[in-house]
Amino acid sequence: MASKLATELEPAKYSQETESLVKRLAGPSSGKAGLAKDQTEINRIISDASKGSKFYENEKKKDKELTVRIDKILKQRDEAINGADIAKIEADIDQLICKIESQRDLTQIIVHVDMDAFFASVELLDNPDLKGKPFAVGKGILTTASYDARKYGIRSGMAGFIAKKLCPELIFVPNHYARYSELSNQVMDIFHRYDPDMCPAGCDEGYLNITSYCEEHSMTAEECVQDMRETVFRETKLTMLAKICSDKNKPNGQFQLEFDPESIKSFMYDLSIRKVPGVGRVNERLLDAIGIKTCGNIFTQRAVLSLMDKQFGLVFLLRTYLGIANNTVQAHRREERKSIGAERTFASLENIQKIHDKLAEVAAELESDMDETGWTGRTVTLKFKLDTYQVCTRAKSLDHWVSKKEELYAIGKELLAAELPVKIRLIGLRVTKLKDLRDTATNGIKRFFESANKDESPRKKARLDPEEFEDNDNMDEAMPGYHENDETDYKLEDDSLEGDEVIDLTNTLEDVSGGETAVSQTRRPPHSTSNSHASSKLEPPKRPRSNSEAKPVIKPISKTLEMHECPICGKTLETDNQGLNAHVDFCLSRGAIMEAQGSATKSIKDTSTYKGWPKPESSTKSNSKPSTFGKTRRPVASKRGK
DNA sequence: GCGGATCAC
DNA sequence: TATGGTGATCCGC
């Protein structure tokens, strides 16, 4: 279990590349599994291409810091274990597990749906010639890669020049955000039919509680999701993948997709801890250090986790082990927003005047966004990234509300002045301690306007704004970052289901949080600072919203079975990836022919003036919700001993 | 309240 | 030949 012991003494080897560094360089999506064979070569190419760069050096530095941090945690562990009554501890935890288990609620059917390689699919839709070819969307940093490109190890978030090395024939396709927004709106619109209070997660995925829909339409969860997928394909010609890992207990058992505690636990047992929302690259390594690679290992190592509850968050992990998550789904509410900001990366600058110019641009952009979305705030945070990739933030709280670019710029300049001289490659501004200028309850004037407008939705209002109309064809929500489907690679590798999907083990404990409290909250475990050592605590992701309960949205990894479900016809095939691809192509072409005329809008790509990433507002869609902006699954907390 | 970190998308 | 942008949360000060 001990991965590399921290002490990197090895003066001999100058820059020894640790396994973790190579993995880190491979990118955040570097899940696990897989293609050990090729992946090694791929990682080598990526590493070689990066070597020597400032980016590389920074990654190396972070990797070393993490190694040191892990070493401290291991020492803490050893001290804690020494003399501890492990048997007693485990017995206590087993009781805790029973308590948590007793709160499992299988009454809600919650699904996570996700468009398949969204950006790439849209490009393919608009340019069929790309079919079968390795292509990537985006320049500089790739927003997504086609399935054919993924075979070369190319992933979203990867630098274009690295991708080119992995696949010289790679075709680069520019982003067409307006198109993605358009289709995203269509898809979200469809999702809302199944759950009006669905929670969008980025532009191409969402969480839906389809319990009511199934009841009202006398449908099973499978039928409902199948119907949803067909509707999405019929109306957008895009494929959507969804899988239901949960189902409601039916009166008359005839469950194919078992939905009982045992089946769920069985599913979770071999699931990589990395698949758990909130467990990123860092926490994956920390957990690995104490012998936890899979959710099943959580149980195995429960005593250690208990002794180090502060660092890892025992309850959160036990819930994960049991496959118990939050069972509520709710759209984000406007008032939940905590911040709004803008930032830009550029070729490193040292010249203060030029830096100020960049700052002014960011300030103007932020003012524009704040104005369009109706926010103002009291704290301004300047962010800048040094030439070395080290990120720094400097904040200032004020006694009044700020939102004008002149002031944002002035504050940013002041904060930056204290840091000079600097050579930076990014600068940004963020405003927090927000006040909602559209809050009808606290703003009489606004209320008047809104009622006069007869439209409660801020979004529609925005739509009336000419300026907004222009650069906004976006979607409801903030466009997600890249990383459309980081896990798809693995899935493909595993021969598992393609796409992503799904999910959810819905269960939940209505409230471990509020209720019985026997379970020490997952949410915010008491933290005593005991050791000042590095620690990290895992906390429950807040994903689907609402509660703070953990919510394991797990994307199923294939069971190594060679069974594939066609995303189009839903048929299960026993074949390999190529066979599946061929079948999918067939289904797509047939569907395309059939649906062709209907809404053929092949639409011309809107090369127009799309400005950067989509902004949060907008609409065009009738029923969109108030905007949810980026969501977060956050569980981990970290603390690091410096 | 501030700054660093981690994570998701 | 040059590694993104937006938002959230947590921890230790």
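Residue numbers start from 1 in every chain, and the chains themselves are labelled A, B, ... in the order their sequence lines are given, proteins ahead of strands.
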Between C1' on B/dT6 and CZ on A/Arg285, what's the gap in Å once rounded to a whole number? 14 Å
Just the rounded figure in Å: distance from C1' of C/dG7 to NZ of A/Lys383. 10 Å
Under the side chain to side chain donor-acceptor pair (under 3.5 Å) test, residues paired with A/Ser47 that sit two or more places apart: A/Glu17
Side chain of A/Lys338 only, heavy atoms from C-beta on: which candidate in C/dT6, C/dT9, C/dT3 is closest? C/dT9
Choose from C/dA8, C/dT3, B/dC7 the nucleotide whose nearest atom is closest to any side-chain atom of A/Ile162. C/dT3
Which of the following nucleotides, B/dC7, C/dG5, B/dA5, is nearest to the side chain of A/Arg344? C/dG5
Separation of A/Gln390 atom CD from B/dT6 atom P, in whole Å? 13 Å
Short side-chain N/O contact to C/dT6 OP1/OP2 from A/Arg430, under 4.0 Å: no
Tell me which of A/Ile340 and A/Ala347 sits closer to the 5' end of DNA chain C, going by the nucleotide each one is nearest to. A/Ala347
Can you tell me how far P of B/dA8 sits from CZ of A/Arg274, to the nearest Å? 6 Å
Judged by nearest nucleotide, the residue sitting upstream toward the 5' end of DNA chain B, A/Lys433 or A/Val391, is A/Lys433
My understanding is that only residues two or more places apart in sequence, or in another chain, count here; which of them pass side chain to side chain donor-acceptor pair (under 3.5 Å) with A/Glu407? A/His400
Any residue meeting ring-ring contact (aromatic ring centres under 6.0 Å, His included) with A/Phe161, in chain and number order, not counting sequence neighbours: none
Using the closest heavy atom to pick a nucleotide of DNA chain B for each, name whichever of A/Arg378 or A/Thr393 lands nearer the 5' end. A/Arg378
Could you state the atom-to-atom distance from CZ of A/Phe312 to P of B/dT6 in whole Å? 14 Å
Give the rounded distance in Å between these two atoms: CZ of A/Phe346 and C1' of C/dG4. 13 Å
For DNA chain B, determine which residues of residues 395-402 of chain A have any heavy atom closer than 4.0 angstrom to one of its atoms, and list them numerically. A/Ala395, A/Lys396, A/Ser397
Taking only N and O in the side chain of A/Arg281, is any of them less than 4.0 Å away from OP1 or OP2 of B/dA8? no
Let's see if you can work this out: which of C/dT6, C/dT9, B/dG3 has an atom nearest to the side-chain heavy atoms of A/Arg394? B/dG3
Taking only N and O in the side chain of A/Asn283, is any of them less than 4.0 Å away from OP1 or OP2 of B/dC7? yes
Is there a side-chain polar atom (N or O) of A/Arg337 under 4.0 Å from OP1 or OP2 of C/dA8? no
Look at the side chain of A/Glu343 and decide which nucleotide, out of B/dA5, C/dT6, C/dG4, has an atom nearest to it. C/dT6
Could you check whether A/Asp371 and A/Ser403, counting side-chain N and O atoms only, form a donor-acceptor pair closer than 3.5 Å? no
A/Leu415 CG to B/dG1 P, straight-line distance once rounded to whole Å: 15 Å
C/dT3, OP1 or OP2 - any side-chain N/O from A/Tyr56 closer than 4.0 Å? no
From C/dG4, B/dC7, C/dA8, nucleotide with atom closest to A/Thr345 side chain: C/dG4
A/Ser53 side-chain N/O to C/dA2 phosphate OP1/OP2 under 4.0 Å: no
Is a side-chain donor or acceptor of A/Thr381 paired with a backbone partner of A/Ala395 at a separation under 3.5 angstrom? no
Report yes if a donor N or O on one partner sits less than 3.5 Å from an acceptor N or O on the other, where the partners are the side chain of A/Ser50 and the base of C/dT3; otherwise report no. yes
Among A/Arg430, A/Arg344, A/Lys405, A/Lys358, find the one that has a salt bridge (Lys or Arg N to Asp or Glu O under 4.0 Å) with A/Glu365. A/Arg344
Please confirm whether A/Arg319 makes a cation-pi placement over A/Phe316, using NZ or CZ under 6.0 Å from the six-membered ring centre and within 45° of the ring normal. no
For C/dG4 versus B/dC7, give the span between their C1' atoms, rounded off to a whole number of Å. 15 Å
Quick one: list whatever passes side chain to side chain donor-acceptor pair (under 3.5 Å) with A/Ser397, sequence neighbours left out. A/Thr379
Could you list the donor-acceptor pairs under 3.5 angstrom formed between side-chain atoms of residues 410-418 of chain A and any protein atom two or more places apart in sequence or on another chain?
| from | atom 1 | to | atom 2 | distance (Å) |
| --- | --- | --- | --- | --- |
| A/Glu414 | OE1 | A/Lys396 | NZ | 3.2 |
| A/Glu414 | OE2 | A/Lys396 | NZ | 2.8 |

Nearest-Å distance, CD1 (A/Ile73) to P (C/dC11)? 14 Å
